[in-house]
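In what follows, a structure is listed as structure tokens, so that the remarks can point back to it.
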Amino acid sequence: MNPSVTQKERIISLDIIRGFALLGILFINVGGFQVIVEGGPMPDYSGFNGVIDTLITIFIEKKFFSIFSFLFGIGFYIFASRAESRGDRPRWRFARRLLALLLIGVIHIFLFWGSILAPYAIIGFFLLPFYRAKVSTISKWLGSIVVIHIISILLKLFAPKVGILSNVIAFLSNDAIVIFIMFLSGFLVAKIDWIRRIDEISGQIKWLQIGTFPIFVGFSIWIWFASQGNNQDTQSILALGVIPMTFFYLSSLFLMLENRRIVKFLQPIARVGQMAFTNYVAQSFIGLAIISLMGLEVVSPIHTVIITILIYVIQIIFSVVWFKFYKMGPLEKVWRFMTYGRRTVLK
């Protein structure tokens with residue numbers, strides 16, 4: 001029988017999942033570190049490169065930033081509830097935290113055009129009204145938004161010519177809505193205290209895993225054939241499968257991380273996730289340096305795999321060493337200062 005984990009190890013489990021999310025995001029971002037100039041060389045998507053690109057599309061694209069978004073929602077509830085327990089104003093404090101993230105995110109956009117920090121901050125403000133909401137109210141809102149999002153994607157797929165409604169459908173089906181859905185999902189999970197009761201609700205999580213597995217397989221096959229056939233609707237098909245495929249990943253990870261031995265083995269990944277803010281921003285700098293050292297004009301899928309592995313290994317080593325001397329990542333410390341100010345001392 002597998003030994004179950006403690007409450008402290010469950011927090012570490014969140015860091016492990018966050019670390020894995022950073023790895024997945026890195027696979028997507030590496031290609032964007034090197035800006036493609038019009039008229040210049042293009043990445044090679046033929047042969048083995050094409051297979052790698054399709055596999056990244058199927059198993060990684062959109063799923064890992066969705067996992068990261070889910071964890072952001074959990075983090076919002078933990079942060080706000082702890083602030084309230086200290087007698088602070090939780091929504092005001094979190095709003096200040098989001099403003100700090102927005103400022104850092106705007107700066108990061110000048111360094112990496114694909115940065116998600118500023119969009120995260122802006123979308124995060126829409127979580128604030130839900131802090132005092134009842135679980136039933138949040139569930140209804142979440143369900144309604146998911147249904148509207150899915151219907152919008154289906155309309156793009158099967159009824160693309162809808163006149164003046166096209167812009168509305170495009171908005172309701174875009175990635176910003178997915179981010180908010182995952183924000184709200186993570187917030188709801190934290191609010192009903194499922195994170196601390198994974199062992200108690202493991203049966204429900206297994207049913208979620210079983211229920212989403214055939215959907216995961218079905219969409220994987222659909223996306224594969226759509227990609228191989230250069231189907232112009234591939235991105236819409238991909239978007240349609242994001243939410244169930246992400247929940248398959250999440251349910252599998254939460255169940256796997258109920259094993260203490262696995263949690264202990266993945267401690268280095270937890271360190272990467274523990275300073276996710278610093279590592280996310282650092283990825284663009286390290287990536288550009290490696291691309292420059294390799295003398296690449298463009299980044300093909302095989303280069304993406306190599307560079308991703310190199311960056312992640314560097315970040316694992318750096319994170320493990322960093323936490324031998326410090327309790328918090330450098331950007332996390334800056335973010336905390338911008339959130340609380342100089343005089344606030346946190347335990």
Checklist entry - Are a donor atom and an acceptor atom from the side chains of Ser69 and Tyr120 found within less than 3.5 Å of each other? => result yes
Checklist entry - Under a single-linkage definition using a 4.5 Å side-chain heavy-atom cutoff for Ile, Leu, Val, Met, Phe, Trp and Tyr, are Met328 and Trp322 assigned to the same hydrophobic cluster? => result no
Checklist outcome for this item: Separation between CD1 (Ile223) and OG1 (Thr57), nearest 0.5 Å, reads 8.0 Å
Checklist outcome for this item: Residues at least two apart in sequence or cross-chain that pass ring pair (Phe, Tyr, Trp, His ring centres under 6.0 Å) with Tyr131, listed by chain then number, are none
Next on the checklist: Quick check against the 3.5 Å criterion: does Asn259 have a side-chain atom that pairs as donor or acceptor with the backbone of Met256?
Outcome noted: no
Item to check | Transitive ILVMFWY cluster of Val106, excluding itself - 4.5 Å side-chain cut-off | outcome: Leu102, Phe110, Ile122
Next on the checklist: For Phe125, I'd like to know if atom CZ has over 12 heavy atoms of other residues, nucleotides or ligands within 6.0 Å.
Outcome noted: yes
Checklist outcome for this item: Separation between CD1 (Ile311) and CG (Leu22), nearest 0.5 Å, reads 11.5 Å
Item to check | Output field: ring centroids Phe79/Phe94 closer than 6.0 Å | outcome: yes
Checklist entry - Between atom CG of Leu117 and atom CG of Leu98, what is the distance when rounded to the nearest 0.5 Å? => result 12.0 Å
Item to check | Pairwise distance CD1(Ile58) to OG1(Thr234) - rounded to 0.5 angstrom | outcome: 10.0 Å
Next on the checklist: If hydrophobic clusters are built from ILVMFWY residues whose side chains come within less than 4.5 Å, do Trp113 and Ile104 share one?
Outcome noted: yes
Item to check | Heavy-atom pair with the smallest gap, counting every atom of Phe33 and Gly287 | outcome: CD1-CA, 3.9 Å
Next on the checklist: Tell me if a side-chain donor or acceptor on Arg18 pairs with a main-chain N or O of Ala270 at a distance below 3.5 Å.
Outcome noted: no
Checklist entry - Are Leu293 and Ile309 connected, step by step, through hydrophobic side chains (Ile, Leu, Val, Met, Phe, Trp, Tyr) whose heavy atoms are closer than 4.5 Å? => result no
Checklist entry - Are Leu288 and Phe27 grouped together when hydrophobic residues (ILVMFWY) are joined by side-chain heavy atoms under 4.5 angstrom apart? => result yes
Item to check | CA sep, side-chain torsions, deciding dist, call: Phe265, Ile16, side-chain contact (heavy atoms from CB on, under 4.5 Å) | outcome: CA-CA 10 Å; Phe265 177 74; Ile16 292 171; over 6 Å; no
Item to check | Counterpart residues, side-chain contact (heavy atoms from CB on, under 4.5 Å), relative to Lys62 (two or more places apart) | outcome: Phe65, Asp175, Gln235, Leu238, Val242
Checklist entry - Counting only N and O atoms by type, is there a donor-acceptor contact under 3.5 Å from the side chain of Ser300 to the main-chain atoms of Asp44? => result yes
Checklist entry - Can you find a heavy atom in the side chain of Ile205 that is under 4.5 Å from one in the side chain of Trp194? => result no
Next on the checklist: Treating Glu332 as the side-chain partner and Phe277 as the backbone partner, does any N or O pair qualify as donor plus acceptor under 3.5 Å?
Outcome noted: yes
Checklist outcome for this item: Sorted by chain and number, sequence neighbours left out, salt bridge (charged side-chain N to carboxylate O under 4.0 Å, His left out) with Arg271 holds for none
Next on the checklist: Once rounded to the nearest 0.5 Å, what's the spacing between atom OG of Ser319 and atom CD1 of Ile314?
Outcome noted: 11.5 Å
Checklist entry - How about Trp207: does its CH2 atom have over 12 heavy atoms from other parts shown lying under 6.0 Å from it? => result no
Item to check | Under 3.5 Å donor-acceptor, Asn279 side chain and Val272 backbone | outcome: yes
Next on the checklist: Once you measure the plane-to-plane angle for Phe213 and Phe248, does it fall in the parallel (<30°), tilted (30-60°) or perpendicular (>60°) bin?
Outcome noted: tilted
Checklist entry - Under 3.5 Å, is there a donor-acceptor pair between the side chain of Trp335 and the main chain of Arg97? => result yes
Next on the checklist: My understanding is that only residues two or more places apart in sequence, or in another chain, count here; which of them pass salt bridge (charged side-chain N to carboxylate O under 4.0 Å, His left out) with Asp88?
Outcome noted: Arg93
Next on the checklist: Please evaluate residues Phe225 and Asn231 with respect to the criterion side-chain contact (heavy atoms from CB on, under 4.5 Å), reporting the C-alpha separation (whole Å), side-chain torsions for both, the decisive distance (0.1 Å), and the verdict.
Outcome noted: CA-CA 8 Å; Phe225 283 107; Asn231 190 324; over 6 Å; no
Item to check | Any donor-acceptor pair under 3.5 Å from Ser220 side chain to Phe216 backbone | outcome: yes
Next on the checklist: Would a single hydrophobic cluster contain both Tyr340 and Met338, if residues Ile, Leu, Val, Met, Phe, Trp and Tyr are joined by side-chain heavy-atom contacts under 4.5 Å?
Outcome noted: yes
Next on the checklist: Applying side-chain contact (heavy atoms from CB on, under 4.5 Å) to Arg132 and Arg91, what does each step give before you reach the verdict?
Outcome noted: CA-CA 9 Å; Arg132 300 291 185 194; Arg91 285 181 288 190; 3.6 Å; yes
Checklist entry - Aromatic rings Tyr280 and His108: how do their planes relate, parallel, tilted or perpendicular, breaks at 30° and 60°? => result perpendicular
Item to check | Non-neighbouring partners of His149 that pass ring pair (Phe, Tyr, Trp, His ring centres under 6.0 Å), sequence neighbours left out | outcome: none
Checklist entry - Can you tell me if Ser185 uses its side chain to pair, donor with acceptor, with the backbone of Phe70 under 3.5 Å? => result no
Next on the checklist: Any side-chain to backbone donor/acceptor pair from Ser85 onto Arg82? Under 3.5 Å, distance only.
Outcome noted: yes
Checklist entry - What's the spacing between Ile74 CD1 and Leu14 CG if we round to 0.5 Å? => result 5.5 Å
Checklist entry - Quick check: are there more than 12 heavy atoms from other residues, nucleotides or ligands sitting under 6.0 Å from CH2 of Trp222? => result yes
Checklist entry - Going through the distances and angles, do Leu101 and Phe72 end up as a side-chain contact (heavy atoms from CB on, under 4.5 Å)? => result CA-CA 12 Å; Leu101 180 63; Phe72 186 93; 4.1 Å; yes
Item to check | Shortest non-hydrogen contact from Met275 toward Gly329 | outcome: CB-CA, 4.0 Å
Item to check | Check: Lys63 side chain, Ala21 main-chain N or O, donor-acceptor pair, under 3.5 Å | outcome: no
